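We name chains A, B, ... by the order of the sequence lines, and we start the count at 1 in each one. Any value given below was found using the heavy atoms of this structure, including those in side chains, with hydrogens, waters and symmetry copies removed. These numbers come from a predicted model, not from an experiment.
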Number of protein chains: 2
Amino acid sequence: MATDRLSLIFAALADPTRRAILARLAEGEATVSELAEPFAISLPAISRHLKVLEHAGLISRSRTAQWRSSRLEAEPLREATEWMDRYRRFWDESFRRLDAHLRRLQENEESS
Amino acid sequence: MATDRLSLIFAALADPTRRAILARLAEGEATVSELAEPFAISLPAISRHLKVLEHAGLISRSRTAQWRSSRLEAEPLREATEWMDRYRRFWDESFRRLDAHLRRLQENEESS
DNA sequence: CGGTTAATTAACGGACGCGTTAAACATAGG
DNA sequence: CCTATGTTTAACGCGTCCGTTAATTAACCG
């Protein structure tokens, strides 16, 4: 079972429908029906997706009368990005330049 | 089936063992047995994890004699980070400051 | 050739993910 | 109270994921 937080976050993001829901929520809060509207899947399916997102901390929910509104909580995305940042030097050109620069400094240090 | 690239990447990252493998590969290439060593799971299980990582583009593999060496390919992490960057303004303080700054500029523009 | 080492493939089992439809629950409102 | 609306829960099917052990493939080496 994926019990750790990061696994929950990445697993939640691994589904295109859920990513689309997050994209929609970036424009503002929305009810379940509103979120379901663009998709050709049933309301219960959407309901489950929202539960997954909530469990990963990617959304929070509030109740007003019979409507349940979802709100984006991007903090987990920060966590995920932070994890990936360990690998930034493997792809980021500017990071590579910084790397080279630091190496040069190091060499000067050693040769002095 | 998760057929799109981003889903493959996030799904690959959703497993702690696979993330640990990537962490190990950040220190340099390694063979399957070397990668398996820290884990209490069988070699075939590791072999499958590597296949998942390769399918997501997160590693590439080469063969030397009977050894298969894996190498980190972080480009997919860049893609994933890029996707998350759309949400950066929802968590990043400096992004919020920039946002506020731009809004101020906008207001000055309008009132002139 | 025959044995050893490295790794993968095959076959299986159990858990989980994602969808469905039908039923239940919650709230508003005549 | 009864009904309409919004959403969730229940029960099920099916495919995939993750692990196992046993068998197979691949390459080296005495």
Side-chain angles (χ1 to χ4, degrees), chain A residues 1-25 28-71 76, chain B residues 1-22 24-25 28-72 76:
Chain A
M1 200 189 320
T3 178
D4 66 293
R5 181 159 178 76
L6 219 34
S7 296
L8 285 180
I9 297 167
F10 284 129
L13 296 177
D15 186 281
T17 302
R18 285 195 290 265
R19 290 200 305 278
I21 288 176
L22 292 179
R24 167 62 188 79
L25 289 177
E29 298 199 9
T31 67
V32 178
S33 320
E34 284 167 356
L35 291 172
E37 199 271 327
F39 303 103
I41 64 179
S42 67
L43 225 51
I46 297 291
S47 193
R48 281 174 193 284
H49 281 309
L50 292 176
K51 191 176 282 187
V52 173
L53 289 170
E54 185 177 24
H55 198 217
L58 283 159
I59 65 172
S60 59
R61 316 185 71 184
S62 60
R63 168 184 281 166
T64 311
Q66 67 266 59
W67 293 278
R68 298 199 146 218
S69 157
S70 296
R71 174 200 185 80
Chain B
M1 202 188 317
T3 182
D4 66 291
R5 180 159 179 74
L6 220 34
S7 295
L8 284 180
I9 297 167
F10 284 129
L13 296 177
D15 185 282
T17 301
R18 285 194 289 265
R19 290 200 305 278
I21 288 175
L22 293 179
R24 166 63 187 79
L25 290 177
E29 299 200 9
T31 66
V32 178
S33 319
E34 283 167 356
L35 290 172
E37 199 272 324
F39 303 104
I41 64 179
S42 67
L43 223 53
I46 297 291
S47 193
R48 282 175 193 283
H49 281 308
L50 292 176
K51 192 176 277 184
V52 173
L53 289 170
E54 185 176 24
H55 199 218
L58 284 158
I59 65 172
S60 61
R61 314 183 73 185
S62 60
R63 166 186 282 169
T64 311
Q66 67 265 57
W67 294 277
R68 286 180 193 210
S69 156
S70 297
R71 174 199 184 82
L72 181 64

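- Residue whose closest nucleotide on DNA chain C sits further toward the 5' end, between A/Asp15 and A/Trp67: A/Asp15.
- Put simply, CD1 on A/Ile21 is 13 Å from C1' on C/dC18, counting in whole angstrom units.
- Proximity of a side-chain donor or acceptor of B/Arg18 to a complementary backbone N or O of B/Ala11 within less than 3.5 Å is detected.
- Toward the 5' end of DNA chain D, the nearer of the two residues A/Arg63 and A/Arg48, judged by each one's closest nucleotide, is A/Arg63.
- In this structure, the CZ atom of B/Arg61 is 15 Å from the P atom of C/dA6, given to the nearest Å.
- Closest to the A/Ala65 side chain, of the nucleotides C/dT27, C/dA22, D/dG19, is C/dT27.
- Atom CD1 in A/Ile41 sits roughly 11 Å away from atom C1' in C/dT20 (whole-Å rounding).
- Rounded to an integer number of Å, the gap from A/Ile46 CD1 to D/dT9 C1' is 16 Å.
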* Quick one: do B/Leu6 and B/Ile9 satisfy side chain to side chain contact (heavy atoms under 4.5 Å, CB included)? Show the steps, please. => CA-CA 5 Å; B/Leu6 220 34; B/Ile9 297 167; 4.3 Å; yes
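- Look at B/Asp4 and A/Arg19 and you find a salt bridge, because one of the NZ, NE, NH1 or NH2 atoms lies within 4.0 Å of a carboxylate O, short of that distance.
- For B/Arg18 and D/dC17, the shortest distance from a side-chain N or O to OP1 or OP2 is not below 4.0 Å.
- If you take CD of B/Glu54 and P of C/dT9, they are 10 Å apart, rounded to a whole angstrom.
- Here A/Leu43 lies in heavy-atom contact (under 4.0 Å) with a base.
- A distance of 8.5 Å separates CG in B/Asp15 from CG in B/Leu53, rounded to the nearest 0.5 Å.
- Of all nucleotides listed (C/dT9, C/dG19, D/dT8), C/dT9 comes nearest to the side chain of B/Ser47.
- Nucleotide D/dC18 holds its C1' atom 14 Å from the CZ atom of B/Phe39, rounded to whole Å.
- Closest to the B/Ser42 side chain, of the nucleotides D/dT8, D/dT21, C/dT8, is D/dT21.
- Nearest to the side chain of B/Val32, among C/dT27, C/dT8, D/dA26, sits C/dT8.
- Residue A/Ser70 comes nearest to A/Arg61 through the heavy atom pair OG-NE, 3.6 Å, listed as atom of the first residue, atom of the second, then distance.
- Of the listed nucleotides (C/dT9, C/dG19, C/dT21), C/dG19 has the atom at the smallest distance from the side chain of A/Thr17.
- Closest to the A/Gln66 side chain, of the nucleotides D/dG19, C/dT21, C/dA28, is C/dA28.
- The separation between A/Arg19 atom CZ and C/dC18 atom P is 12 Å, rounded to whole Å.
- Distances shorter than 4.0 Å separate some side-chain N or O of A/His49 from OP1 or OP2 on C/dG19.
- Here the side chain of B/Lys51 is nearest to one of C/dT9, D/dT8, C/dA6, namely C/dT9.
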